Each structure stands twice: as C-alpha cells, then as structure tokens.
Amino acid sequence: MLTEENIKKVEELKKRYPTKEALILPVLWMIQKQEGYISEESMKYVASLLNIPVGQILGVVTFYTMLKRKKTGKNHIEVCTNVSCMLRGSAKIMEHLEKRLGIKAGETSPDQKWTLSEAECMGSCGTAPMLAVGDEYYENLTIEKVDQLIEKLK
Amino acid sequence: MNFIPSDKKHLNDWKRIIIPDDNELHKIDHYISCGGYRALEKALEMKPEEIIEEVKKSNLRGRGGACFPTGLKWSFMPKNSDKPKYLCVNGDESEPGTFKDRQIFEHNPHLLIEGTIIACYAMGVTSAYIYIRGEYNKWIMMLQKAIDDAYTKGFIGENILGKDFSTQITIHRGAGAYICGEESSLMNSIEGKRGYPRVKPPFPAQSGLWGCPTTINNAETISNVPLIINNGWEWYSKIGASRHPGPILIGVSGNINNPGVFEMPTGRPLLEIINEWAGGATANKKIKAVIPGGSSTMILRGDQLEGVCMDSESLKSAGSSVGTAGIIVMDEDTDLIDVITRITKFYYHESCGQCTPCREGTNWMFRILKRFQNYEACSEDIDLLLDIANNIEGNTVCALGDAAAWPVQSIIRNFRDEFEKRTKASELKEAGN
Ligand SMILES: Cc1cc2nc3c(=O)[nH]c(=O)nc-3n(C[C@H](O)[C@H](O)[C@H](O)COP(=O)(O)O)c2cc1C
Ligand code: FES
C-alpha cells in the first residue's frame with residue numbers, strides 16, 4: 001500500500017503523462033522505497049491502483065535489474081567490476097568484502113545483514129574503484145576505506 | 001572529481017562554460033545573477049524556426065554517442081501536428097567509461113533545464129522527460145530541486161515568462177537497464193513497457209512517445225543550446241574542431257594518474273588529454289591500449305595514438321569514434337583478454353534478448369572468451385570470435401549488437417598476437433606442460 005503522501009504524488013504525476021501505464025515505473029519505485037522490495041502482493045496492488053493487468057506489472061518488474069522481487073540484506077553492497085573499476089583493482093575490493101562478510105558475490109548473509117553483488121558500471125569510472133550501498137556511492141576505494149565502511153554499517 | 005588539474009591551469013586558456021569554475025551554480029538565484037535564463041528570454045523573442053536554424057549553423061553534434069547533427073534532428077520534427085510533441089533528454093549514462101552527464105546534474109543543472117525549455121520552444125514541445133538512470137538517485141534529487149526552483153520562478157509551466165508558451169519537465173527514473181539508453185527503448189520505458197528497442201522506421205520524429213513526434217537528445221547536447229543562443233552560432237562553431245565544434249566533457253579513467261572529467265574544446269590531441277590533462281599513465285608505464293569513447297568504441301593500440309584528436313573526423317580516420325568521449329587508458333601490464341571478456345560479459349548481460357544474433361552471439365562470444373581466460377582456447381577460436389562478431393554487427397534492431405561486436409573486432413584486429421599467444425599457451429597446458 002502506498003502512503004498517503006505517495007498517493008498524492010501519484011495524482012500529481014497523472015497530470016504529467018497521457019497514459020496510466022507510464023506510471024508503472026514511478027509507482028514501483030515508490031513501493032520499493034517503502035518496502036525494500038516488490039512482493040507479489042504489491043504487484044497486485046499496483047495493478048488495481050492503476051487498473052492494469054498484473055501480468056503487465058510483472059513484465060516490467062522482471063525487466064529491470066534494480067527492481068527487486070526479494071528482500072535483500074539490510075545493507076546491499078554493490079561493487080562495480082566493469083572495465084574502469086577492474087583496471088583500478090575492483091577484484092581486490094570484492095575479494096576483501098567476500099572474506100570480511102563471509103559470503104560470495106550474489107549471496108546474502110544468514111543474519112540478513114549483508115547482501116553482496118557484482119554490478120555493472122555505475123558512472124563513477126573517474127573515481128574507481130567504487131561501490132554503492134543503496135543510493136550512496138563510495139568512491140576511490142582502498143581496503144582501509146572498505147573496512148571503515150563495514151564498521152560504520154555494522 | 002577533477003575538472004582540471006590544479007597545476008595545469010594553462011591548459012584551460014578559455015574558460016569552462018558547460019561546468020564553469022563556480023560551486024554555487026546549482027542555486028537558481030546565483031545562476032540567474034551569472035546571466036542564467038537570459039538565453040531563454042532571448043529565445044522566446046525569436047521564432048522557433050530561427051532557433052533551429054541557429055543550432056543547425058552552429059554545427060552542434062550529439063554528445064550521446066553517434067555525433068548526429070542536432071539542428072538537423074530538430075528539423076525532422078513536423079511543424080504542424082495535431083498530436084502533442086515530446087522531447088526526451090537522455091541522461092541514462094550507462095556506457096561503461098562514461099560519467100559526464102552526472103557532472104551537469106550536480107554542478108550546472110539549470111544550464112540543462114534552460115536548454116531543455118529552449119529546445120521545447122523550438123520544436124513546439126509541450127512536455128519534456130529527462131530520463132535518468134536509476135542508480136543516480138542522488139543526482140536525480142539534485143536536478144529535481146533545480147526543476148522545482150525553475151517552476152517557482154516561472155521558467156517552466158504555464159505561460160513561460162508571460163509568453164504564449166507552456167511546457168512541463170518531468171524526470172523519469174530508470175531502473176537498471178543499459179538498453180534503456182537506446183532512444184527507442186527509452187521511449188518504451190517511459191511508456192511503462194519493457195525496455196525493448198523498436199524497429200526503425202518509423203523514426204521518432206514521426207512516431208515516438210505514444211506514437212507522437214518525439215526528439216531524443218543527450219543531456220550534454222541539450223546543455224550546449226543556451227550557449228549557442230547567447231553567443232550566436234558563429235562564435236560556437238569556431239570552438240574546437242570545425243566539423244564537430246564546441247566544448248566537450250571528456251572522461252578519462254583506467255590506469256591514469258589524474259582521472260576525471262575535463263571540459264575542453266573538441267579536437268584536442270588524445271595524447272595531450274591523457275598525458276597533460278589527466279597526468280599520464282599510472283607509475284609512468286607505457287600505454288598498451290586506449291578505448292577513446294566508452295566501451296563500445298573500437299579499441300586503439302598505444303602506438304597508434306600520435307596525431308589522433310578527440311573529434312568525430314579524426315577518430316573516424318583512426319578507426320574508432322568519439323562515442324560518449326569516455327577515454328579508458330590501459331597500461332602495459334593490462335591483460336587485454338580480461339578486459340574484452342569483461343566488456344563482452346557486460347553486453348551479454350545487457351542484451352535485451354529480442355534479436356537472436358545479439359542474444360545468442362553475445363553469450364557465445366562470452367563463453368569463447370572465457371576459454372581464452374582459462375587457457376582452454378584453440379587457434380580456431382580467434383576466427384570463430386571474429387565470425388560471430390561480424391554476424392552480430394548490422395543484424396540487430398538496435399545498435400547494442402554493434403556495440404558488442406566492435407570491441408571484439410577491433411581488439412582482434414589490433415592485438416591478434418595476444419590471442420595467438422594465449423592459444424599457444426593453452427595448447428601447451430593441454431599437453432601437460
Ligand atoms: C545500447 C545503446 C545505449 C545507449 N545509451 C545512451 C545513453 O546512456 N545516453 C545517451 O545519451 N545516449 C545513449 N544512446 C544513444 C541514443 O540512442 C541516442 O542516439 C542519443 O541519446 C541521441 O542524443 P544526441 O543526438 O544528443 O547524441 C545509446 C544507444 C545504444 C544503441
Ligand atoms: S566502470 Fe566502475 S563505475 Fe564505471
């Protein structure tokens with residue numbers, strides 16, 4: 001369920017687009033921000049809110065990597081391993097994180113605290129290597145900086 | 001972020017104009033006090049077709065990858081249309097090695113907004129969407145703040161500056177799909193569909209968003225428009241390389257001492273950019289290879305760079321292209337097989353799966369490259385790779401297929417010896433040595 005504030009936002013957004021389908025992505029973002037992921041339940045809710053078949057909502061959710069159908073750990077660490085980051089040591093950063101967190105890229109820790117994943121270029125190649133936790137970018141990484149970050153997030 | 005190396009100020013013998021040396025420009029009052037939104041005032045006194053003419057004559061070319069002439073693109077929009085017309089500003093910025101549009105969102109958002117409004121006026125657009133990659137949420141919020149301020153001041157909305165012209169600007173947040181930077185996928189994404197590319201024709205100017213006339217321009221392209229209106233096409237066309245003029249944001253990353261985004265006129269020598277602006281290769285190493293314009297442009301050998309300049313003509317004759325002007329520098333220690341495997345993995349991951357050559361081809365190339373990485377490749381694999389790349393190129397609905405094929409083709413063309421060395425080593429390994 002969207003919060004009242006978000007419902008208002010949806011009403012405002014309706015004026016910006018000629019079709020209700022265009023609201024699918026903005027509304028899914030609101031849901032994900034509220035709940036951390038997009039459940040089957042939420043998809044049905046979006047479908048009824050916008051009066052669009054649920055299959056179409058599912059089609060959108062499954063197309064985009066950032067829309068999550070499962071809860072991730074409390075801290076979702078995404079390490080860019082694309083070429084500019086790779087040239088500046090992203091593999092070492094990833095290796096260190098795997099060791100520190102005791103999980104491999106693509107896994108979530110049993111206590112649901114950490115999810116670690118490999119990511120594509122996030123537009124921080126000039127400050128590589130980098131990782132993101134949610135919306136926050138951590139750039140020009142060193143092993144020490146990674147350690148400090150883990151302590152902070154713990 | 002480095003915009004200019006502090007000890008090399010002499011390189012900037014002209015003042016930065018896309019991202020000026022001013023940390024306050026994101027504040028609307030400050031932007032206005034520096035002459036901001038004057039181009040909009042001026043533009044609204046002109047006829048729309050005069051603006052298109054001005055942009056045409058300026059020779060501004062798109063900064064989104066294809067260097068397409070912007071004025072010409074605008075002129076494709078029908079003058080009279082009973083349907084609404086749309087503008088999409090492309091801030092998807094997902095090409096590996098590219099991190100320039102983000103600087104505009106952060107440091108000079110009003111320049112982008114002003115350019116967007118002028119573009120809307122010139123083409124009779126009543127609604128513009130700025131599509132920004134989902135990962136850039138922080139920058140989306142910065143730009144949204146600037147848009148809100150511009151609404152409050154009456155630069156966006158109904159009867160802009162008291163004129164009979166109204167337009168709105170809406171940010172549409174992407175959600176992690178490289179393909180949505182491709183213009184027709186981008187439109188599908190805004191429409192709430194899966195982000196598959198569309199078959200062209202029809203071209204967007206005929207049938208774009210919701211079947212209506214639409215223009216798509218990169219965020220940096222649009223940010224050049226107020227400069228042209230303020231200073232005139234003649235002034236603009238004399239900046240940098242004549243056939244591809246203007247200021248350009250160049251990203252330099254990889255094995256480099258001073259990585260960052262540098263604003264400079266087009267046409268500067270690649271070696272000057274790498275060695276002077278960006279401080280040269282890390283630890284004084286030799287440069288083995290350079291990707292000049294984002295991961296989908298053709299890779300060049302380090303010994304091929306002499307005389308090559310950052311403009312469309314020069315890079316074309318060197319066998320590559322400007323792309324998104326994201327230069328990736330690789331030093332002599334770089335394992336190019338690792339590089340091309342990683343790049344190909346990216347295209348395999350990002351292929352939308354709609355066209356068979358791209359879907360199957362990227363996967364197949366990736367698997368073969370993995371064999372090279374693991375010392376399991378045989379000599380036939382080199383030509384097999386080339387063959388697959390050649391069969392993807394030109395055979396797909398959108399250019400993602402080409403973007404996947406070009407790096408593979410060029411790396412084999414320019415560094416075949418590395419692949420041969422690897423297959424020999426693989427054979428030795430196979431023989432148990
Ligand atoms: C796979 C693919 C991804 C693209 N990604 C982007 C992008 O992130 N940003 C961008 O401006 N253009 C991107 N483009 C190019 C756009 O399709 C389009 O040509 C461009 O936005 C037009 O703007 P311009 O004429 O101002 O350069 C991409 C093209 C392809 C084939
Ligand atoms: S390659 Fe890592 S942010 Fe671009």
Side-chain angles (χ1 to χ4, degrees), chain A residues 12-13 15-30 32-33 38 46 50 52 56-68 78 80-91 118-130 132 134-137 139-140, chain B residues 1-2 84 93-102 127 129 133-139 141 168 170 172-178 180 189-196 209-210 212 251-256 259-261 282 291 295 326 328-331 334 338-339 342-343 346 349-350 352:
Chain A
E12 280 305 305
L13 278 178
K15 300 180 198 153
R16 298 298 183 90
Y17 300 95
T19 67
K20 52 190 194 315
E21 283 80 6
L23 295 171
I24 298 178
L25 205 46
V27 170
L28 287 172
W29 268 125
M30 289 176 194
Q32 180 154 304
K33 177 129 195 275
I38 298 163
V46 176
L50 299 175
I52 291 168
Q56 205 173 329
I57 311 288
L58 180 70
V60 173
V61 173
T62 50
F63 188 81
Y64 297 95
T65 17
M66 287 185 80
L67 299 180
K68 296 173 190 144
E78 297 180 88
C80 170
T81 60
N82 212 306
V83 59
S84 303
C85 285
M86 179 181 126
L87 292 167
R88 293 182 89 87
S90 60
E118 209 180 304
E120 296 298 358
C121 173
M122 285 189 261
S124 267
C125 331
T127 42
M130 67 83 69
D135 290 342
E136 210 54 51
Y137 279 20
E139 302 169 285
N140 290 314
Chain B
M1 180 58 57
N2 293 304
E93 185 146 270
S94 306
E95 167 96 346
T98 313
F99 46 105
K100 60 175 182 84
D101 297 337
R102 176 184 148 184
S127 190
Y129 300 97
R133 63 179 303 174
E135 293 86 347
Y136 278 0
N137 201 30
K138 265 175 76 176
W139 291 272
M141 292 193 291
Q168 48 187 10
T170 310
H172 200 90
R173 183 182 177 190
Y178 169 65
C180 289
S189 180
I190 293 178
E191 288 184 13
K193 300 180 179 141
R194 290 165 74 84
Y196 289 132
L209 263 182
W210 301 292
C212 302
V252 189
S253 66
N255 303 130
I256 192 88
V261 171
T282 327
I291 296 173
S295 67
I328 306 170
V329 178
M330 287 157 270
D331 69 23
T334 309
D338 283 348
V339 167
R342 184 63 187 85
I343 290 178
F346 170 76
H349 181 239
E350 299 298 333
C352 77

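Excluded from the calculations below are hydrogen atoms, water molecules and symmetry mates; all remaining heavy atoms, backbone and side chain alike, are included. Note that the coordinates shown come from a computational prediction; the quantities given were computed from them, not determined experimentally.
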Best-contacting candidate, Gly134(A), Cys85(A), Gly59(A), against chain B by heavy atom pairs under 4.5 angstrom: Gly59(A)

Look only at the side chain of Arg102(B) and the backbone of Gly123(A), and say whether a donor-acceptor pair between them is shorter than 3.5 Å. yes

Beyond-backbone contact of Asp338(B) with Met86(A), side-chain heavy atoms, under 4.5 angstrom: yes

Could you check which of Asp135(A), Asn82(A), Thr65(A) has the highest count of heavy-atom pairs closer than 4.5 Å to chain B? Asn82(A)

If you tally heavy-atom pairs under 4.5 Å against chain A, which of Gly326(B), Cys352(B), Gly195(B) wins? Gly195(B)

Hey, could you give me the OG/CD distance between Ser124(A) and Glu139(A), rounded to the nearest 0.5 Å? 3.5 Å

Pairs of heavy atoms under 4.5 Å with chain B: top-ranked of Leu23(A), Thr19(A), Asn140(A): Thr19(A)

If you count heavy-atom pairs within less than 4.5 Å of chain A, which of Ser189(B), Ser295(B), Ser94(B) leads? Ser189(B)

Give the member of Ala119(A), Pro26(A), Cys121(A) that has the highest number of heavy-atom pairs under 4.5 Å with chain B. Cys121(A)

So for Lys100(B), is it side chain, backbone, both, or neither that comes closer than 4.5 Å to the heavy atoms of chain A? neither

Side chains of Glu95(B) and Tyr178(B): any donor to acceptor distance under 3.5 Å? yes

Contact part of Leu67(A) toward chain B, heavy-atom cut-off under 4.5 Å: side chain, backbone, both or neither? both

Toward chain B, the part of Leu87(A) with a non-hydrogen atom under 4.5 Å: both

Using non-hydrogen atoms only, which part of Met122(A) is less than 4.5 Å away from chain B: side chain, backbone, both, or neither? both

Okay, Thr334(B) and chain A: the region with an atom under 4.5 Å from a heavy atom over there is side chain

NZ (Lys15(A)) and OG (Ser127(B)) are apart, to the nearest 0.5 Å, by 13.5 Å

With chain A, which of Ile256(B), Ile291(B), Val329(B) has the greatest number of heavy-atom pairs at distances under 4.5 Å? Ile256(B)

Give the member of Leu13(A), Ile52(A), Leu25(A) that has the highest number of heavy-atom pairs under 4.5 Å with chain B. Leu25(A)

Using only heavy-atom distances, determine whether the side chains of Glu93(B) and Tyr136(B) contain a donor-acceptor pair under 3.5 Å. yes

Are Tyr64(A) and Trp29(A), when compared by the centres of their aromatic rings, separated by less than 6.0 Å? no

Glu12(A) versus chain B, the contacting section by heavy-atom distance below 4.5 Å: neither

Interface moiety of Tyr196(B) toward chain A, non-hydrogen atoms closer than 4.5 Å: both

Measure Lys20(A) against the heavy atoms of chain B and call it side chain, backbone, both or neither at under 4.5 Å. neither

Bottom line for Ile190(B): the part with an atom under 4.5 Å from chain A's heavy atoms is both

Against chain A, label Glu135(B) side chain, backbone, both or neither, depending on which of its atoms sit under 4.5 Å from a heavy atom there. both

Donor-acceptor side-chain pairing of Arg88(A) and Thr282(B) below 3.5 angstrom: no

For residues Thr62(A) and Arg194(B), is any side-chain donor paired with an opposing acceptor at under 3.5 Å? yes

Over 60° means perpendicular and under 30° means parallel, so tell me whether Trp210(B) and Tyr129(B) are parallel, tilted or perpendicular. perpendicular

